[in-house]
Amino acid sequence: MCGINGFNWQNNDLIVRMNEKLKYRGPDDNGIFIENGVSLGQTRLSIIDLSPAGHQPMSNEDQTVWIVFNGEIYNFQELKRDLVKRGHIFKSHTDTEVIIHSYEEYGLKCVEKFNGMWAFCIYDKKKDLLILARDQFGIKPLYYYSDGDKFIFSSLISGIFCHCIPRGINEKAVMNFLAYNLLQHEEYTFFSGIMKLDPKCLLVFDIKTRKKTLVPWFNPDAVPAGKNRSVRDHFAKSVELRTISDVPVGSCLSGGLDSSAIVGYLNTFLHHSFNTFSFIVPGSPIDESRYMKDVGKMTDTRQYFVTLENDAFFGDIEDFIRTQEEPVTSMSVYSQYLVMKCAHENGMKVLLDGQGGDELFCGYTYFWPYYYFELLKNLKLWTFLKNVVLYYYRSKNPYPVKMFLFLLMPYPVKRRFWKKYLNSWINHGYLEKVTGKLFDPRWKKMDVQESQKVILYHTAIPHLLTWEDKNSMRWSIESRLPFLDQNFVQYALNLPSSEKLQMGYQKNIFRLAVEDIIPASVFNRKDKIGFMVNVDDFMRSERMKRYCSEIISSKSFRSRPYWNIDRVNKLFDDHMQNKGNNGDIIWKCINLELWLRSFFDNEKTVYA
């Protein structure tokens, strides 16, 4: 796991400076390549083949193809055997070199061979091309800037800002974040002019003509059915692949079904004690520590726990804002930052995590409205009624029915309802000015599989993956995600909705598949929490209340065009007086303001 950088001219000092900016992503080694009007750089976190043979930038035998690579190709050993049969000669045991020879053998179609997570740049010296690629889910980040003359890329936005380029606010990104919680769903970033590579495309930059071309390589709508294995076999194989490492492997553990299943299978494959890392909220209804301890009793694990503390928060917040580089919607992102920090302090380099499980097996409440629509569309009226009644009977949660009725509304009615009752604190005039009549893609009437693809490739998963990468790599940790194995995803997406959502229960087929490797307490859980922070109570603590009040009453905050300041003040006052729980909204506003100050205003916030 690494950080990669590059640009289309030669400048030793500049590529060294970019590498320095990304040092925490790869503290074990770094290297540069400068030749023929190209500068490439890489910082390395050594995971596979710890020897100097894994040094990057790396080339083929005649040095006509060079690469800087961030990620892991889990099927590299299988690919390597085939490439050796085809006459390719290897000098290392790395997956990096497999990418080079795969490109020589298959050209741009090489990415179709890879199962893993990746972001890389190949420099083809003979063709004078820079070729950028990401895995189909976008697990690994890759940003670029192109003005028709300069072409710059980096694993981090801050790497690109080592260059003298304009820095501006992308107002569309800001308003989509505030209004719809939409982040990472398109190619733009919160910084005008800086783009992120669409994972579904390769970017080919011609060094001579300075022309860039996006070449589609992955189509989510054409994902074929996976191989005919069981859920259990697919998942076990995916976890096993992610144990390939020359350094110790551990896991995040939330106490939920997904992370508990990962730990259960790690216990099967590793044959030795390993570490788990968890965020807990002692004394709170959302605390999951008892489930984590039950997992510990079933496995040979050493468990580490972190919690949210005022002093730590105010000590971390500036670094956290800089680490994420863009605003985040939830304080749970900070809890993940704490987990990764704890893992780093205890010597870990590789952790498995459960991102994607809820999206593949419908673990969130918001999948029910799409299932209701699917049943109604297919005239399965009796099944529709049974599921509506049984879910409410077991959960006492009216949200799925309310959201289902919302989905059925005509679009103009949806928008009026949303503006009046759900987001009245937004400056809707400014929203429409910078985004037009855009609406949340999740408002569309669609069946379960279609909703899963929207969430996997356009909404929830892209921003969750960005947060995970930046939190883990800030602490020099590689985070591996078994649920986002391409073969497992293909298989799970094509399972019938009725096997995931059934008689008021979620994730049925996956729950049954892993029953024997998780505690009964986890198997029987009905709630969904994850690394959640009790943000409402935290915002009411005296120090946080004073901190938020100073920010909201500041001249800079009040002058922003993004919100109705009187309405924000009322939400804040109501929250502090326990007249409502508005912690998430307050956090979004505060987080955005801190981001603006950190990256644009050069205003030092007092973390008192």
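Reckoned from all heavy atoms, side chains included, excluding hydrogens, waters and symmetry mates.
- In this structure, Tyr337 has its ring center under 6.0 Å from that of Tyr334.
- Between Tyr430 and Trp563, the distance separating the two ring centers is not shorter than 6.0 angstrom.
- Less than 6.0 angstrom separates the ring centroid of Phe313 from the ring centroid of Phe538.
- Between Asp601 and Arg560 a salt bridge is recorded (basic side-chain N to carboxylate O distance below 4.0 Å).
- A salt bridge links Arg25 with Asp469; the closest basic N to acidic carboxylate O contact falls under 4.0 Å.
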Point to revise | Test side-chain contact (heavy atoms from CB on, under 4.5 Å) applied to Arg442 and Tyr366, step by step | key: CA-CA 10 Å; Arg442 291 161 290 196; Tyr366 59 63; over 6 Å; no
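- Two rings, from Phe314 and Tyr547, have their centers less than 6.0 Å apart.
- Taking the six-membered ring for Trp and the full ring otherwise, the centers of His163 and Tyr145 sit at least 6.0 Å from each other.
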Practice item. Please assess Ser154 against Asn5 for the test side-chain hydrogen bond (donor to acceptor under 3.5 Å, both in side chains), listing each intermediate value before the final yes or no. Key: CA-CA 4 Å; Ser154 178; Asn5 299 299; 2.7 Å; yes
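- Ring pair Phe599/Phe161: centre-to-centre distance not below 6.0 Å.
- Ring centers of Trp595 and Phe191: under 6.0 Å apart, within the cut-off.
- At least one donor-acceptor pair under 3.5 Å links the side chain of Asp287 to the backbone N or O of Val281.
- For Lys349, the NZ atom sits in a packed shell: over 12 heavy atoms of surrounding residues, nucleotides or ligands are nearer than 6.0 Å.
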Check your understanding: Going through the distances and angles, do Ser259 and Cys252 end up as a side-chain contact (heavy atoms from CB on, under 4.5 Å)?
Key -> CA-CA 7 Å; Ser259 62; Cys252 298; 5.8 Å; no
Practice item. Step by step, work out the salt bridge (charged side-chain N to carboxylate O under 4.0 Å, His left out) result for Arg597 and Glu593. Key: CA-CA 6 Å; Arg597 293 181 183 186; Glu593 177 67 19; 2.8 Å; yes
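- Pairing each heavy atom of Thr43 with each of Gly26, the nearest pair is CB-O, 3.4 Å.
- Classification of Arg525 and Glu288 as a salt-bridged pair holds, one side-chain N sitting under 4.0 Å from a carboxylate O.
- Atom NZ of Lys420 is surrounded by 12 or fewer heavy atoms from other residues, nucleotides or ligands within 6.0 Å.
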Exercise for review: Determine, step by step, whether Leu214 and Glu187 satisfy the side-chain contact (heavy atoms from CB on, under 4.5 Å) criterion, reporting the C-alpha distance in whole Å, the side-chain angles of both residues, the deciding distance to 0.1 Å, and the verdict.
Suggested key: CA-CA 12 Å; Leu214 292 175; Glu187 288 185 84; 3.8 Å; yes
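- Environment of NZ in Lys200: crowded, with over 12 heavy atoms of neighbouring residues, nucleotides or ligands closer than 6.0 Å.
- Residues Lys140 and Asp135 are not paired through a salt bridge, judged by the lack of any N-O separation under 4.0 Å between the basic side chain and the carboxylate.
- Under the 4.0 Å criterion applied to side-chain N and carboxylate O atoms, Asp358 and Lys507 are assigned as salt-bridge partners.
- With hydrogens and angles disregarded, no donor-acceptor distance shorter than 3.5 Å links the side chain of Lys579 to the backbone of Asp574.
- Gln506 pairs in a side-chain hydrogen bond (donor to acceptor under 3.5 Å, both in side chains) with only one of the listed residues (Tyr371, Trp368, Tyr364), which is Trp368.
- Contact check on Asp573 versus Lys570 returns no salt bridge, with no Lys/Arg side-chain nitrogen under 4.0 Å from an Asp/Glu carboxylate oxygen.
- Environment of NZ in Lys444: sparse, with no more than 12 heavy atoms of neighbouring residues, nucleotides or ligands closer than 6.0 Å.
- When all heavy atoms of Met175 and Val434 are compared, the pair lying nearest together is CG-CG2, 3.5 Å.
- Other residues, nucleotides and ligands place no more than 12 heavy atoms under 6.0 Å from the NZ atom of Lys433.
- Nearest heavy atoms, Ser155 versus Pro141: O-CG, 3.6 Å.
- Checked against the 6.0 Å centroid threshold, Phe151 and Phe7 do not count as a close aromatic pair.
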**Study point:** Worked verdict on Arg210 versus Phe205 for side-chain contact (heavy atoms from CB on, under 4.5 Å)
**Key:** CA-CA 7 Å; Arg210 300 177 190 257; Phe205 181 81; 4.0 Å; yes
Exercise for review: Assess whether salt bridge (charged side-chain N to carboxylate O under 4.0 Å, His left out) is satisfied between Asp13 and Arg17, documenting all intermediate values.
Suggested key: CA-CA 6 Å; Asp13 292 342; Arg17 193 153 67 244; over 6 Å; no
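- Judged by distance alone, with hydrogens and angles left aside, the side-chain atoms of Asn423 form no donor-acceptor pair with the main-chain N or O of Trp418 at under 3.5 Å.
- In this structure, Arg474 is positioned above the aromatic face of Tyr24, its NZ or CZ under 6.0 Å from the six-membered ring centre and within 45° of the axis.
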